[in-house]
Structures are given as C-alpha cells and as structure tokens.
There are 2 protein chains.
Amino acid sequence: MARWEPDPRGRLLRTAIELFSDQGYEATTTAQIAERAGLTKTTLFRLFPDKREILFQGQSLLVDLAAEAVRAAPDGSSGTAAVAAAISAMTDAHVAGHSSSRQIARLIAASPELQERAAFKRSSIAQALQAALAGRFGEGHHVGLLADLGVRAYYDGFDSWIAADDDRSLTTAVLEELASCEAALRELLSGSPAR
Amino acid sequence: MARWEPDPRGRLLRTAIELFSDQGYEATTTAQIAERAGLTKTTLFRLFPDKREILFQGQSLLVDLAAEAVRAAPDGSSGTAAVAAAISAMTDAHVAGHSSSRQIARLIAASPELQERAAFKRSSIAQALQAALAGRFGEGHHVGLLADLGVRAYYDGFDSWIAADDDRSLTTAVLEELASCEAALRELLSGSPAR
DNA sequence: GTCTATACAATGATAGAC
DNA sequence: GTCTATCATTGTATAGAC
C-alpha cells in the first residue's frame with residue numbers, strides 16, 4: 001500500500017538545494033523540484049507561496065519570536081538587554097546545522113532574486129523588532145537604532161558562525177557579535193577611531 | 001508626421017502610478033500600462049528590467065553616488081562626516097517633489113512585492129556605503145554600524161520630508177535626522193533612557 | 001537606434017476529480 | 001491532500017519595421 005512519504009516541505013527543501021547547487025536557481029524549474037521530490041508543481045505551490053520561499057521556510061517565525069522575546073524580557077531590562085533576548089530567541093529556534101546553512105548562504109549569494117527575498121526578511125525582522133521595542137521603551141529615535149544594532153549583530157554573528165568550524169553555538173556567536181558591536185559603537189561615538 | 005512622444009520612461013512612470021493607484025499594483029498588467037502610455041509590452045520590458053522597477057527608476061544611481069561621496073570626502077573627515085556627505089549626495093540627486101514621492105510611498109506600502117524591492121534597494125545602499133566606508137576607515141565593525149546609521153537617517157529623514165508640508169529641502173531633512181540619530185545613540189549608550 | 005509583432009517558457013492561480 | 005488540466009501574467013528571444 002503506497003503511503004505518502006512524510007515531511008514534504010523538508011523533502012522539497014533538500015531537493016531544491018541539490019538542484020539549485022547543480023544547475024543554479026534560475027535554471028531550475030519548480031516542476032523539476034516537485035517531480036524529483038515525488039510531488040507535483042501544484043502541491044509545491046500549496047506548500048510554499050512561491051519558489052523562493054522554499055529556501056526561507058521557518059524564517060517567518062523569527063519575526064514573532066523576536067517580538068515576543070522583547071515583550072517577555074524582565075522588568076527593568078535595558079534596551080540592549082531586550083535586543084539580546086530577541087536575537088537569542090531567534091537563534092534558539094534555528095535548527096539547521098553548519099553545512100546546510102552554508103549551502104543556503106551560497107545559493108543566496110549567487111542569485112539576485114534570492115538576495116532580494118533575504119533583504120525583505122531582514123527588513124521584516126528589523127521592523128518587528130523596532131515595533132516591539134517601541135512598545136516597551138517608547139517611540140523615540142533610539143528604538144530604530146537599537147533594532148538596527150540587533151539585526152546587524154544577528155546577521156553578522158550568523159555569518160561568523162557559518163564561516164567558523166568550531167563548535168561554538170549560534171547563540172553564542174550572535175551574542176558575542178552584539179557585545180562587540182556595542183563596544184564598536186562606543187568607540188565610534190567617543191571619536192577615536194574612524195576619525 | 002507622427003513623431004514619437006518624448007520621455008517614454010517618464011510617461012510609463014506616470015501611467016503606472018495612475019493605474020496602480022486606481023486598481024492596485026497586482027491588478028494592473030504590464031500590457032495595460034504600456035498601452036495607455038502609447039507603447040507596447042515589448043518596449044516596456046526593453047526600458048525596464050521588470051514591472052517593479054518602473055517605480056524605482058533612478059534609485060540604482062544612489063548606490064554609486066553614496067560610494068563616490070565617501071571617497072571624495074575631505075581628508076581627515078570623521079566617519080559621521082563621510083556618512084553625511086554620502087546621504088547629502090543621495091538627496092541632492094532626488095528630483096521628484098513631495099506629491100509624487102508621496103504617491104509612490106503609498107503604493108509601496110500597499111504592496112508586499114514593492115516592499116520587497118524597496119528593502120532590496122535599501123540593503124544595496126547599505127552595502128555600498130559600508131564598502132566605501134571600509135575603503136576609507138578599515139574593515140572593523142564600526143563601518144557596518146555607521147552604514148546602518150546613515151541609511152536609517154536617510155530613510156527616516158525621507159519619510160519625515162514626505163510627511164511634512166513645509167518647504168524644508170530633502171537634504172536638510174535627512175541631515176537633521178542624522179544629527180538627531182547621533183544624539184539618540186549617545187543617549188542610548190550613556191545608559192539613561194531605554195534603560 | 002527606437003519601436004513593434006510574434007512566439008515562447010516559467011511562475012503562480014484556480015477548479016474539479018480521486 | 002494530492003493530482004490533472006487549464007489559464008493569465010511576467011519576462012525573454014528573435015526577427016523585422018520605421
């Protein structure tokens with residue numbers, strides 16, 4: 001009795017990574033991906049809103065996780081502490097390992113269409129983080145800047161985690177990045193470097 | 001003797017704004033825009049790489065303007081002075097007035113597809129600015145943060161210019177925004193607000 | 001050198017059968 | 001839930017008209 005293979009989204013993701021890596025993103029059709037994963041194009045588009053989203057599945061959650069973490073941060077938390085809570089919540093939700101994250105990063109770097117989607121995700125996170133921070137700390141200028149700081153730490157920390165071969169956790173990597181961004185900012189404003 | 005109407009790109013832009021405002025971005029086809037502008041779909045796609053880009057024409061220049069301004073900033077300029085030069089160069093190149101800028105902003109706000117393109121433009125500017133700053137000040141963490149600061153000042157200043165009805169120039173608006181971002185950052189790091 | 005006609009491939013939507 | 005089938009639209013390619 002032929003039963004459906006489980007986890008169609010995961011299967012489509014793995015298949016897509018394979019085909020994109022072989023032929024490039026543009027040269028691979030959605031029909032090809034679906035077929036190799038044992039499905040049809042229609043099913044693929046029921047499971048994902050569009051072709052790009054196959055590689056970005058899960059990232060939509062980050063927006064809510066970040067906002068929720070800011071709300072849940074303890075009373076009296078500083079702005080940077082709330083940001084740290086937000087980006088830790090995002091990294092804690094990250095399941096993929098070094099190698100598949102690295103593969104996806106390579107694919108994005110090779111395709112303008114995927115870069116555009118990545119930029120959109122990043123800006124969605126920044127906006128959500130800013131809104132959540134505004135809910136706690138008010139609507140001043142600083143919350144946008146704080147959000148930028150957090151998002152930069154998250155993405156730069158992610159890159160450094162991907163590049164490294166040690167067994168430092170992703171959370172550790174982004175929190176270290178956040179700390180060094182804060183230090184760099186202080187130095188910057190005190191006027192000594194980048195003089 | 002029927003001669004070609006001049007400025008096909010501008011005509012397509014105005015027609016697109018009309019139709020998008022009436023029917024929405026998605027409900028308007030490229031054939032419709034082209035026809036109403038007295039052209040064909042083929043010509044539209046010769047003049048613009050894709051449908052979204054009709055509304056973003058000119059923005060590709062900003063990347064080069066920003067980078068060039070950083071390179072051209074006087075010897076001994078501080079990081080923030082270089083950023084100020086970059087965003088002034090971008091605003092000086094802006095030709096459209098309040099009303100059409102406002103219309104475009106409204107259209108973008110109403111369409112996820114256009115928001116995605118806008119996020120991509122913003123991130124392209126941020127990357128170019130960061131690279132140019134790295135060329136002058138080195139590759140440290142601070143250049144990414146400086147670029148974020150400049151880009152935020154540019155976009156928030158732009159929004160405030162669009163919202164206002166005074167005759168303050170766009171350049172004035174973004175430079176004021178930059179100054180108040182710097183002040184907010186100092187306050188933020190000194191630990192008093194958003195505590 | 002700018003515009004057009006035609007044909008075409010791919011994305012993504014939709015409706016109905018199993 | 002998945003499939004077949006069909007469809008509109010975007011965007012490309014080519015060859016030709018003014």
Side-chain angles (χ1 to χ4, degrees), chain A residues 1-57 60 107-108 110-118 120, chain B residues 1-20 22-57 60 107-108 110-118 120-121:
Chain A
M1 271 237 155
R3 275 254 295 333
W4 308 127
E5 307 273 347
D7 188 19
R9 281 188 178 80
R11 245 161 54 233
L12 284 165
L13 171 60
R14 288 185 289 275
T15 310
I17 291 177
E18 265 181 44
L19 288 170
F20 293 163
S21 301
D22 278 8
Q23 315 173 342
Y25 173 81
E26 301 218 330
T28 305
T29 71
T30 51
Q32 245 182 315
I33 302 168
E35 192 198 16
R36 190 184 287 204
L39 296 166
T40 62
K41 202 183 59 138
T42 312
T43 307
L44 186 155
F45 281 111
R46 198 175 44 74
L47 295 171
F48 296 104
D50 61 41
K51 184 182 173 186
R52 277 151 274 169
E53 208 61 17
I54 302 171
L55 291 183
F56 288 94
Q57 53 183 298
S60 315
L107 292 173
I108 293 173
S111 156
E113 206 174 331
L114 292 173
Q115 284 166 47
E116 190 165 21
R117 176 58 51 89
F120 191 40
Chain B
M1 268 240 157
R3 274 254 295 333
W4 309 127
E5 307 272 348
D7 189 19
R9 280 188 179 80
R11 245 161 56 234
L12 285 165
L13 171 61
R14 287 184 290 276
T15 309
I17 291 177
E18 266 181 44
L19 289 170
F20 293 164
D22 278 8
Q23 315 174 342
Y25 173 82
E26 300 217 332
T28 305
T29 70
T30 51
Q32 247 182 314
I33 302 167
E35 191 198 15
R36 189 183 289 206
L39 297 166
T40 61
K41 201 186 59 145
T42 312
T43 307
L44 187 155
F45 281 110
R46 198 172 42 74
L47 295 171
F48 296 104
D50 61 43
K51 185 182 172 186
R52 276 150 273 166
E53 207 62 16
I54 302 172
L55 291 183
F56 289 94
Q57 54 183 298
S60 315
L107 292 172
I108 293 172
S111 156
E113 206 174 329
L114 292 173
Q115 284 166 46
E116 189 165 22
R117 177 59 51 88
F120 191 41
K121 296 287 184 188

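Chain naming here is simple, since letters A, B, ... match the order of the sequence lines and numbering starts at 1 in each.
Applying the ring pair (Phe, Tyr, Trp, His ring centres under 6.0 Å) rule to pairs touching residues 18-43 of chain A yields A/Phe20-A/Tyr25, sequence neighbours excluded. Within the structure, salt bridge (charged side-chain N to carboxylate O under 4.0 Å, His left out) pairs that include any residue of residues 42-55 of chain A comprise A/Asp50-A/Arg117, A/Arg52-A/Glu113, A/Arg52-B/Glu116, A/Glu53-A/Arg117, A/Glu53-A/Lys121 (at least two apart or interchain). Residue pairs satisfying the salt bridge (charged side-chain N to carboxylate O under 4.0 Å, His left out) criterion with at least one member in residues 19-38 of chain A, sequence neighbours excluded, are listed as follows: A/Glu18-A/Arg36.
Taking 4.0 angstrom as the limit, B/Arg9 places none of its side-chain polar atoms (N or O) nearer than this to OP1 or OP2 of C/dT2.
Listed by residue number, the members of residues 34-50 of chain B with any heavy atom below 4.0 angstrom from DNA chain D are B/Lys41, B/Thr42, B/Phe45, B/Pro49, B/Asp50. Contact check of residues 17-29 of chain A against DNA chain C (heavy atom, cut-off under 4.0 Å) returns A/Thr28, A/Thr29.
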Please write out the pairs of protein N or O atoms and N or O atoms of nucleotides 16-18 of chain C separated by less than 3.5 Å, giving the distance to one decimal.
none

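Here the CD1-CD1 distance, from B/Ile33 to B/Ile54, works out to 4.5 Å after rounding to the nearest 0.5 Å. With values rounded to the nearest 0.5 angstrom, A/Ile17 atom CD1 is found 12.0 Å from A/Thr28 atom OG1. Taking CD from A/Gln57 and CG from A/Leu13, the interatomic distance works out to 4.5 Å, rounded to the nearest 0.5 Å. The CG atom of A/Asp7 sits 9.0 Å away from atom CG of A/Leu12, with the distance rounded to the nearest 0.5 Å.
Take A/Thr30 and apply the side chain to side chain donor-acceptor pair (under 3.5 Å) test, not counting sequence neighbours, and it matches no residue. With sequence neighbours excluded, no residue satisfies ring pair (Phe, Tyr, Trp, His ring centres under 6.0 Å) with A/Phe48. In this structure B/Thr42 satisfies the side-chain contact (heavy atoms from CB on, under 4.5 Å) test together with B/Thr40, sequence neighbours excluded. Residues forming a side-chain contact (heavy atoms from CB on, under 4.5 Å) with B/Ala34 (at least two apart in sequence, or on another chain): B/Leu44.
When rounded to the nearest whole Å, the span between CG of A/Leu114 and P of C/dT11 equals 13 Å. Atoms CZ (B/Arg52) and C1' (C/dT11) sit 12 Å apart, rounded to a whole Å. Protein atom CG of A/Leu12 is 14 Å distant from nucleotide atom P of C/dT11, rounded to whole Å. If you measure from atom CZ of A/Arg11 to atom P of D/dG1, you get 15 Å, rounded to the nearest angstrom. One interatomic measurement links the two molecules: CD of A/Glu53 to P of C/dG12, which rounds to 11 Å at whole-angstrom precision. Distance CD (A/Glu116) to P (C/dT11): 16 Å, rounded to an integer number of Å. Remark: C1' of D/dT9 and CD1 of B/Ile54 are 14 Å apart, rounded to the nearest angstrom.
One axis for each end of the helix from C/dG1-D/dC18 to C/dC18-D/dG1, each built from five base pairs, and the angle between them comes to 20° at 10° resolution.
Remark: side-chain polar atoms of A/Thr15 are paired, donor with acceptor, to backbone N or O of A/Arg11 under 3.5 angstrom.
Looking at A/Leu39 and A/Pro8, their side chains come closer than 4.5 Å, going by heavy atoms from C-beta outward.
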